[in-house]
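Before any comments, here is the structure.
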Amino acid sequence: EAESVVCIDVDDSRLLPEVFDCENLRFHRMDAAAMHFGDESFDTAVLYNAAFHLEEKLDALQAYGETQLSELSCRELITFHDGFGYMAQAFDLEILHAIEEESGREASAAEIINIANIVTNNNLPCIFVESNGSTSAAQITSRETGTQIYELDMAMSERDYFSAMYHNIDTLKEALK
């Protein structure tokens, strides 16, 4: 039975956050990929060249984020999804709560009260939602607490990974200045 393998197009770079180390945004599976493909079906030089260019892009993204997010007045977040934990750790942000709303499962009244209490107790200026996700709990919390809502992108829409992450860094800077 053939293994399913995800190939990475460096020019497109539609990557999920799970491929990144929590300490920074460096790609950490390239050696494993090189070993997997090795001499069998993939030119190792091409793979390492792609890895080098990908690492350059990741280094630039990390540096941009560190610069843009270094002087935030608030470093705590409420997000729509715990998948942003990778980004939060990379830029010394703290996710106080992740609203886990999906199709067919919305936040309960108790969860919304809890979210509103976290916003109020931590004097949070905003809540972050997914550009393609449910916003019902965030909308209710916003009305109850007066916080603003900003959209972050999980790179699962029209944007490639890097465009989405640059957008997210700029959005975090604007929202938490």
Side-chain angles (χ1 to χ4, degrees), residues 13-29 54-55 57-177:
S13 302
R14 291 185 186 275
L15 305 174
L16 296 176
E18 286 81 7
V19 301
F20 294 96
D21 183 89
C22 293
E23 295 301 315
N24 57 41
L25 293 175
R26 290 185 187 277
F27 191 67
H28 70 92
R29 293 190 181 165
L54 182 58
E55 188 166 4
K57 289 172 114 176
L58 291 169
D59 286 343
L61 177 62
Q62 181 72 33
Y64 180 79
E66 288 172 0
T67 301
Q68 296 299 308
L69 303 177
S70 65
E71 297 183 22
L72 298 177
S73 64
C74 177
R75 302 198 75 78
E76 293 82 27
L77 317 171
I78 290 183
T79 64
F80 59 88
H81 191 279
D82 63 2
F84 276 97
Y86 294 93
M87 187 172 196
Q89 282 189 298
F91 298 116
D92 195 29
L93 303 170
E94 181 181 358
I95 296 179
L96 299 177
H97 186 76
I99 304 167
E100 294 291 335
E101 282 192 314
E102 297 175 10
S103 180
R105 192 233 173 261
E106 293 188 359
S108 68
E111 288 174 296
I112 293 172
I113 290 169
N114 181 47
I115 295 164
N117 287 336
I118 293 169
V119 168
T120 303
N121 293 341
N122 292 280
N123 198 29
L124 300 180
C126 59
I127 298 171
F128 296 95
V129 298
E130 180 181 7
S131 51
N132 296 328
S134 173
T135 63
S136 59
Q139 294 289 341
I140 295 168
T141 304
S142 176
R143 282 194 302 272
E144 295 298 318
T145 62
T147 58
Q148 292 185 320
I149 298 173
Y150 286 85
E151 288 185 0
L152 296 177
D153 192 332
M154 289 287 291
M156 300 174 102
S157 60
E158 298 91 41
R159 289 187 180 107
D160 65 56
Y161 177 81
F162 288 96
S163 297
M165 292 305 109
Y166 279 105
H167 162 79
N168 291 340
I169 290 167
D170 293 340
T171 299
L172 288 166
K173 181 181 179 181
E174 177 186 334
L176 301 173
K177 54 187 166 196

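The distance from the CD atom of Q68 to the CD atom of E174 is 12.0 Å, given to the nearest 0.5 Å. A distance of 11.5 Å separates CD1 of I118 from OG1 of T145, quoted to the nearest 0.5 Å. If you take CD1 on I115 and OG on S142, they are separated by 12.0 Å, rounding to the nearest 0.5 Å. The line from CD1 of I112 to CZ of R143 is 9.0 Å long, rounded to the nearest 0.5 Å. Atoms CG and CD, from L124 and Q148 in turn, are 12.5 Å apart once rounded to the nearest 0.5 Å.
Contact of the T141 side chain with the I78 side chain is not registered, since no non-hydrogen atoms from C-beta on lie closer than 4.5 Å. Between I149 and Q139, some side-chain heavy-atom pair lies under the 4.5 Å cut-off. Put simply, the side chain of E66 reaches to within 4.5 Å of the side chain of F91, judged on heavy atoms. Side chains of T171 and D153 form no contact here, defined as non-hydrogen atoms less than 4.5 Å apart. Counting only heavy atoms from C-beta outward, the side chains of N168 and F84 approach each other to under 4.5 Å. Residues L172 and L77 form a side-chain contact, since some pair of their non-hydrogen atoms from C-beta on lies under 4.5 Å apart.
When all heavy atoms are compared, the tightest approach of G85 to I95 is N-CD1, 3.6 Å. Between M87 and M165 the shortest heavy-atom distance is CE-O, 3.9 Å. Residues K57 and Y166 share a closest heavy-atom pair of O-OH, 4.4 Å. The heavy-atom pair separating A175 from P125 by the smallest distance is O-CG, 3.8 Å.
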- May I have the step-by-step check of side-chain hydrogen bond (donor to acceptor under 3.5 Å, both in side chains) for Y64 and D170, ending in yes or no? CA-CA 10 Å; Y64 180 79; D170 293 340; 2.4 Å; yes
- Message: Show, in sequence, the C-alpha distance, side-chain angles and deciding distance for E144 and I113, and conclude whether the side chain to side chain contact (heavy atoms under 4.5 Å, CB included) test is met.
- Response: CA-CA 9 Å; E144 295 298 318; I113 290 169; over 6 Å; no
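Checked by atom type and distance alone, the side chain of T79 never pairs as donor or acceptor with a backbone atom of I127 at under 3.5 Å. For the pair S73 (side chain) and K177 (backbone), a donor-acceptor distance under 3.5 Å is present. Between the Q62 side chain and the D59 main chain, no donor and acceptor come within less than 3.5 Å of each other. A donor-acceptor pair under 3.5 Å is formed between the side chain of S70 and the backbone N or O of T67. Judged purely by atom type and a 3.5 angstrom limit, R75 uses its side chain to pair as donor or acceptor with the backbone of L69.
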